[in-house]
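Here's the structure we're looking at; comments come further down.
All residue numbers refer to positions in the sequence shown, counting from 1.
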Amino acid sequence: MMLGAFLAVLLLALALSLISGRGEAGQDPKRFFVARGQFGAVLLFLLSVGETYSIGSVLGFPGGIAASGSIDVALWFVGYILLAFPVGTILYPRLWQLGQRFGAITLPDLLGGYFDNRLVSRVSGCVLMVLMLPLGTMQFIGLGAVFSALALPVSTVVLSSLAALLAFLFVASAGLRGAALTAALKDSLILIAIFCVALGAVFHWSEGAREPLAAVLHGSGGRPASSCTMIITTILTQAVGFCIAPQTAAAVFSARSPATIRRAQIWMPLYMVLFPLLAVVAFYGLTHPSVMTHPDRVFLSVAAALLPPWMAGLVAGAVALTALVWLGAVCLSLAAIVTRSIVPHVPPAAQKRMGLGIIIAYLALSVVTAAVQTTLIVTLNRLFYVGLVQLLPAVLLCVCGYRVTPSRLLAGLAAGLVAGAGLFLSGAPMGGVSPALPGLVVNLLVLLQGGRPVRDSVSRANTREGDLRHASSEER
């Protein structure tokens, strides 16, 4: 019964993706990668929310709380996503306008066009490609937890390979449009799943609880200042990193207009109400240790223990779908970056075909690395943002209309990446400061060594003209 419900969810999602692909034939890369910038507020909302509720949120958030027994994880995890929404409301329309000006569908496209330098596009593309490798690993680690909950007599590698095939079919049929429409089913199911598991935890709380919650949940312990510093710096750096992630940029460029982006952003904070419910599930696992086999699996373990088999199957299917839909968006972003920014002179007619090959290679590599990687999902999530935020100075120069020489920009990026990644991997104590922040400071210091950035008068004029044009279009 559990397996049947799980398979029904995935087959329904695949059918929806294939239906959305009807009439999408052709080799137009912009149609495939960013739906030709024709998404309205509803589709943009569904696609953007898919980035919030990936398997890293659904499993990693309660798993981080269960692993540490600390409320600190909940504070910075919720905080950075919540702060990203108002930041995105300001940043995304300007990115969209710049994307229209330079014909960009990826962030490296935009940076290379703005600084008029192919090397900037290629280097930023390579940086993002390396940073995106742990993202696939993170999703397949989560899928491994789902497969363990199903207790199938098949190896996890085989099941992950089948999941990778399904993720490929999601995007191969209709590109970004297929991912967006499948996200509608995923969002509905994950809302129901989280609510049902949390409700079951509340109703069964008194059954088998070994310790009160106060005894197993703690705050900052003996170092409140260090803990508070970690929370604040992580929120600040990851909030801006969230807004310039490759899949976020693709979603922004898929929008019909800046007004569409603003309308979609207004409703984003509503999805945050589910994080307290995920925290309830984590708290149940802490007070009922017999249920929790592994921190990253606490959500699925509680669902299997408290819900009937068919409902537990639906929950497992919804969780798997969060990974597959999110993987689809990430795969499309990576394929667009490689074909348009890293590999030189790929003709538009060949970009989709090459992109599909890149997606296959990325999914295969993610399956292999997930099979040998045991790192907590939340750790991989933080490593991604430590590197990603080093692109922030370049993005801010673009949106604010300033320029520096490409050599200064790339030198700052390299210095920031080395400093941030080095501090993160070494585990050096810094009083709780997120490793991304010192890296960002080093980045800016190197960037500013040659003097102040120069104002870009062309960008400023184009911005005013674009604002008037889009305002007039919205009125019509």
Side-chain angles (χ1 to χ4, degrees), residues 1-20 46 49-63 136 138-154 156 158-171 173 178-201 271 274 277-278 281 293-294 296-329 363 366-367 370 377:
M1 185 68 74
M2 182 178 181
L3 179 60
F6 174 79
L7 292 176
V9 169
L10 298 186
L11 290 175
L12 180 59
L14 179 59
L16 183 61
S17 177
L18 293 175
I19 290 172
S20 68
L46 293 172
V49 163
E51 298 162 20
T52 304
Y53 279 94
S54 69
I55 208 165
S57 298
V58 178
L59 297 187
F61 175 69
M138 184 168 64
Q139 302 308 303
F140 281 104
I141 288 175
L143 284 170
V146 175
F147 299 143
S148 296
L150 293 173
L152 297 175
V154 183
T156 301
V158 173
L159 293 173
S160 294
S161 299
L162 293 174
L165 175 61
L166 195 57
F168 175 77
L169 292 176
F170 281 162
V171 297
S173 57
L181 293 177
T182 309
L185 173 64
K186 182 266 297 181
D187 289 342
S188 301
L189 289 175
I190 205 64
L191 284 167
I192 296 171
I194 293 174
F195 180 78
C196 289
V197 177
L199 194 63
Y271 267 77
L274 294 183
L277 299 180
L278 287 170
V281 176
T293 57
H294 187 278
D296 275 340
R297 300 174 187 173
V298 63
F299 181 78
L300 295 167
S301 299
V302 173
L306 302 181
L307 301 180
W310 68 269
M311 189 173 288
L314 289 178
V315 170
V319 173
L321 207 53
T322 62
L324 296 175
V325 171
W326 199 80
L327 266 173
L363 290 171
S366 298
V367 170
I377 288 176

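Residues meeting the side-chain contact (heavy atoms from CB on, under 4.5 Å) test with A303, sequence neighbours left out: V197, L307, V315. Partners of A320 according to the side-chain contact (heavy atoms from CB on, under 4.5 Å) rule, which considers only residues two or more places apart in sequence or in another chain, are F6, L10, L143, V146.
Nearest heavy-atom pair across S57 and P62 is O-CD, 3.5 Å. The shortest non-hydrogen separation linking V367 to A164 is CG2-CB, 4.0 Å. Of all the heavy atoms in A149 and L300, the pair that sits closest is CB-CB, 4.3 Å. Smallest separation of non-hydrogen atoms from A370 and I141: CB-N, 3.9 Å. A pairwise comparison of heavy atoms in L189 and A318 identifies CB-CB, 3.7 Å as the closest pair.
Counting only heavy atoms from C-beta outward, the side chains of S366 and Q139 never approach each other to under 4.5 Å. Annotation: side chain of I190 is not in contact with side chain of L321 (no heavy-atom distance under 4.5 Å). No side-chain heavy atom of V281 sits less than 4.5 Å from a side-chain heavy atom of L277.
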Practice problem: Test F147 against L152 for side chain to side chain contact (heavy atoms under 4.5 Å, CB included), laying out the working first. | Solution: CA-CA 7 Å; F147 299 143; L152 297 175; 5.6 Å; no
Quiz item: After noting the C-alpha distance and the side-chain angles of L150 and M2, does the key distance pass the side chain to side chain contact (heavy atoms under 4.5 Å, CB included) rule?
Solution: CA-CA 7 Å; L150 293 173; M2 182 178 181; 3.9 Å; yes
Practice problem: Run the numbers on F140 and L363 for side chain to side chain contact (heavy atoms under 4.5 Å, CB included), then give the verdict. | Solution: CA-CA 9 Å; F140 281 104; L363 290 171; 4.2 Å; yes
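The CG atom of L165 sits 12.5 Å away from atom OG of S160, with the distance rounded to the nearest 0.5 Å.
Each of V319, L324, T322, L191 was scored for a side-chain contact (heavy atoms from CB on, under 4.5 Å) with K186, with one residue passing: T322.
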